[in-house]
2 protein chains.
Amino acid sequence: MTAGLREQKKDATRRALHAAALQLVADRGLDGVTVDDIAAQADVSPRTFFNYFPTKDDAVVGLDPRHSGRLAEAVRARPGAETPVQAVRAVLLDQAREMARDPQLWPLRLQVVDAHPVLAARLSAVFGDAERALTAVLAERTGTRADADALPGLLAAVQGAVMRTALHRWLASGFTADLPALVDEGFDLVTAGFPATPA
Amino acid sequence: MTAGLREQKKDATRRALHAAALQLVADRGLDGVTVDDIAAQADVSPRTFFNYFPTKDDAVVGLDPRHSGRLAEAVRARPGAETPVQAVRAVLLDQAREMARDPQLWPLRLQVVDAHPVLAARLSAVFGDAERALTAVLAERTGTRADADALPGLLAAVQGAVMRTALHRWLASGFTADLPALVDEGFDLVTAGFPATPA
DNA sequence: CACCGAAGTTGCAGGATCTGCAAGTTCCGC
DNA sequence: GCGGAACTTGCAGATCCTGCAACTTCGGTG
């Protein structure tokens with residue numbers, strides 16, 4: 001089942017590079033760290049670094065392109081009886097719980113990303129990929145064409161907005177808030193159509 | 001009113017650089033164009049290029065950082081009687097009309113950006129800045145703290161989602177669709193809370 | 001109108017990023 | 001074992017981007 005030794009090593013190296021990049025940048029700032037530093041920390045040659053990540057920035061963010069497909073696949077796997085919003089909401093809650101599990105990884109990532117606009121852009125690109133894949137799956141589910149119906153693309157984009165907002169508020173709370181709860185709150189507001197003033 | 005000759009020249013140079021970057025990249029692709037090419041096309045030295053844009057990518061996207069504040073300012077200027085959603089919707093419609101006015105600039109921009117994920121990330125960063133500024137203004141309007149109330153941040157993010165989706169659908173239509181109408185459609189869906197299936 | 005400070009342009013040197021290429025080394029299946 | 005595939009590595013080189021120091025141009029002032 002688990003792939004050969006080769007695969008394991010690759011995964012390990014990838015994680016080592018990401019961990020090194022994240023930690024070093026957290027300590028010294030993005031400009032205080034070179035690719036050579038990261039490679040040295042992970043015990044590979046500088047040239048090998050680029051076999052794993054096309055860019056220093058990508059190593060810091062550290063999210064596979066294959067990660068982009070996970071969201072869409074998870075939504076596809078939801079029971080067909082659910083409405084698109086219900087399906088997306090359920091999946092996002094799962095992901096939020098997953099992210100909150102490791103008390104180090106995502107908090108550190110978010111702090112670092114927040115401190116460097118360039119990295120925020122990179123992270124947005126990853127989200128964008130995920131949203132594009134999700135759009136296709138939602139179009140399947142609703143049986144419409146993605147270019148005729150606005151719903152798939154819009155829901156995919158709004159889902160990203162909810163998640164980004166939740167992550168930002170999580171960060172702002174010093175990671176004391178409950179991430180899934182923040183996601184829930186976001187979906188409540190959205191599905192209520194942004195009530196004027198519930199005052 | 002209009003600033004001195006100096007300001008005019010700066011604006012002209014900036015526009016020339018952006019236009020050159022956009023056109024060259026549209027023709028040859030992002031990797032087929034160097035900063036030297038762009039500078040030459042705009043009749044300035046390569047070194048001067050970096051007095052205007054911190055990055056080649058930024059020159060291609062060509063949006064000021066000061067552009068980021070315009071959205072927020074426009075919302076601040078809306079009558080206080082409007083709900084946040086109404087105010088944001090009105091401003092976004094204005095911007096959509098503005099973007100659709102020049103039949104060349106935004107279409108070319110969007111095509112180029114769509115063809116190069118790196119540029120999409122850059123554009124996302126600009127949107128992100130605008131959203132952050134908007135969050136602050138919305139928090140003012142609702143009289144809440146942006147970190148206690150989810151609405152300002154979420155509405156700012158969702159607004160971005162609506163606009164991005166509209167732009168994407170505009171692009172997909174080959175720019176035959178009506179951009180303001182696409183924005184309207186997006187807001188209708190959002191304020192309806194994503195109705196299950198209006199079938 | 002002559003002059004001075006501020007603002008803008010330019011060239012140069014240099015560090016860092018990233019890519020192709022051509023070895024070497026390690027793993028997997030037969 | 002052994003042959004091919006996969007991975008690592010070094011090297012050369014193009015490009016990006018930055019600091020610095022000169023030079024040129026603009027805008028105001030007496």
Side-chain angles (χ1 to χ4, degrees), chain A residues 1-18 20-22 24-25 27-62 64-66 112 116-119 121-122 125, chain B residues 1-18 20-22 24-25 27-62 64-66 112 116-119 121-122 125:
Chain A
M1 183 80 270
T2 60
L5 198 152
R6 217 158 203 152
E7 286 290 317
Q8 291 179 319
K9 268 195 175 176
K10 277 194 70 167
D11 275 12
T13 303
R14 186 186 192 79
R15 267 194 301 275
L17 281 170
H18 171 47
L22 202 51
L24 286 173
V25 171
D27 291 347
R28 304 187 215 156
L30 190 57
D31 301 335
V33 178
T34 71
V35 169
D36 289 32
D37 294 336
I38 300 169
Q41 183 88 2
D43 278 307
V44 294
S45 79
R47 184 64 184 84
T48 295
F49 174 93
F50 291 104
N51 290 345
Y52 286 87
F53 297 98
T55 285
K56 181 172 79 167
D57 298 350
D58 283 308
V60 178
V61 173
D64 281 49
R66 70 192 136 108
V112 167
H116 300 281
V118 181
L119 299 181
R122 213 48 82 123
Chain B
M1 185 77 274
T2 61
L5 196 152
R6 220 158 201 153
E7 287 290 318
Q8 290 178 319
K9 269 195 175 177
K10 276 195 72 167
D11 275 12
T13 303
R14 185 184 193 79
R15 266 194 301 275
L17 281 170
H18 171 49
L22 202 50
L24 286 174
V25 171
D27 291 348
R28 304 188 216 155
L30 190 56
D31 302 336
V33 178
T34 70
V35 169
D36 289 32
D37 294 336
I38 300 169
Q41 182 88 4
D43 278 306
V44 294
S45 79
R47 185 62 185 85
T48 296
F49 174 93
F50 291 105
N51 290 346
Y52 286 87
F53 297 98
T55 284
K56 181 173 80 167
D57 298 349
D58 283 308
V60 178
V61 173
D64 281 48
R66 71 193 135 108
V112 167
H116 300 281
V118 180
L119 299 181
R122 214 48 84 122

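Atom CG of A:L22 and atom CG of A:L119 lie 9.5 Å apart (nearest 0.5 Å). In this structure, CZ in A:R122 is found 5.0 Å from CG in A:D57, a value given to the nearest 0.5 Å. With values rounded to the nearest 0.5 angstrom, B:I38 atom CD1 is found 11.0 Å from B:H18 atom NE2.
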Side-chain donor-acceptor distances from residues 47-55 of chain A under 3.5 Å, at least two apart:
{"from": "A:T48", "atom 1": "OG1", "to": "A:S45", "atom 2": "OG", "distance (Å)": "3.1"}

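The phosphate of C:dT9 (OP1 or OP2) has a side-chain N or O of B:Y52 nearer than 4.0 angstrom. Contact between the side-chain N/O atoms of A:K9 and the OP1/OP2 oxygens of C:dC27 is found at a separation under 4.0 Å.
One atom, NZ of A:K10, and another, P of D:dA5, lie 17 Å apart when rounded to the nearest Å. If you measure from atom CG of B:L24 to atom C1' of D:dT15, you get 16 Å, rounded to the nearest angstrom. Rounded to an integer number of Å, the gap from CG of B:N51 to C1' of C:dT9 is 7 Å. Here D:dG27 presents its P atom at 9 Å from CD of B:E7, a figure rounded to the nearest Å.
When each of B:R14, B:R15, B:K10 is paired with B:D64, the salt bridge (charged side-chain N to carboxylate O under 4.0 Å, His left out) condition holds for B:R14 and for no other.
The backbone N or O of A:Q8 lies less than 3.5 Å from no partner atom in the side chain of A:D11, so there is not a single donor-acceptor pair. The backbone N or O of B:L30 sits less than 3.5 Å from a side-chain atom of B:K56, completing a donor-acceptor pair. Remark: the backbone N or O of B:T34 is paired with a side-chain donor or acceptor of B:D37 at under 3.5 angstrom.
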- request: Go along nucleotides 12-20 of chain C 5' to 3' and tag each nucleotide: B for a protein heavy atom under 4.0 Å from its base, S when only backbone or sugar atoms are that close, - otherwise.
  value: B----SBBB
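DNA chain C lies under 4.0 Å from at least one heavy atom of each of the following residues of residues 38-46 of chain B: B:V44, B:S45.
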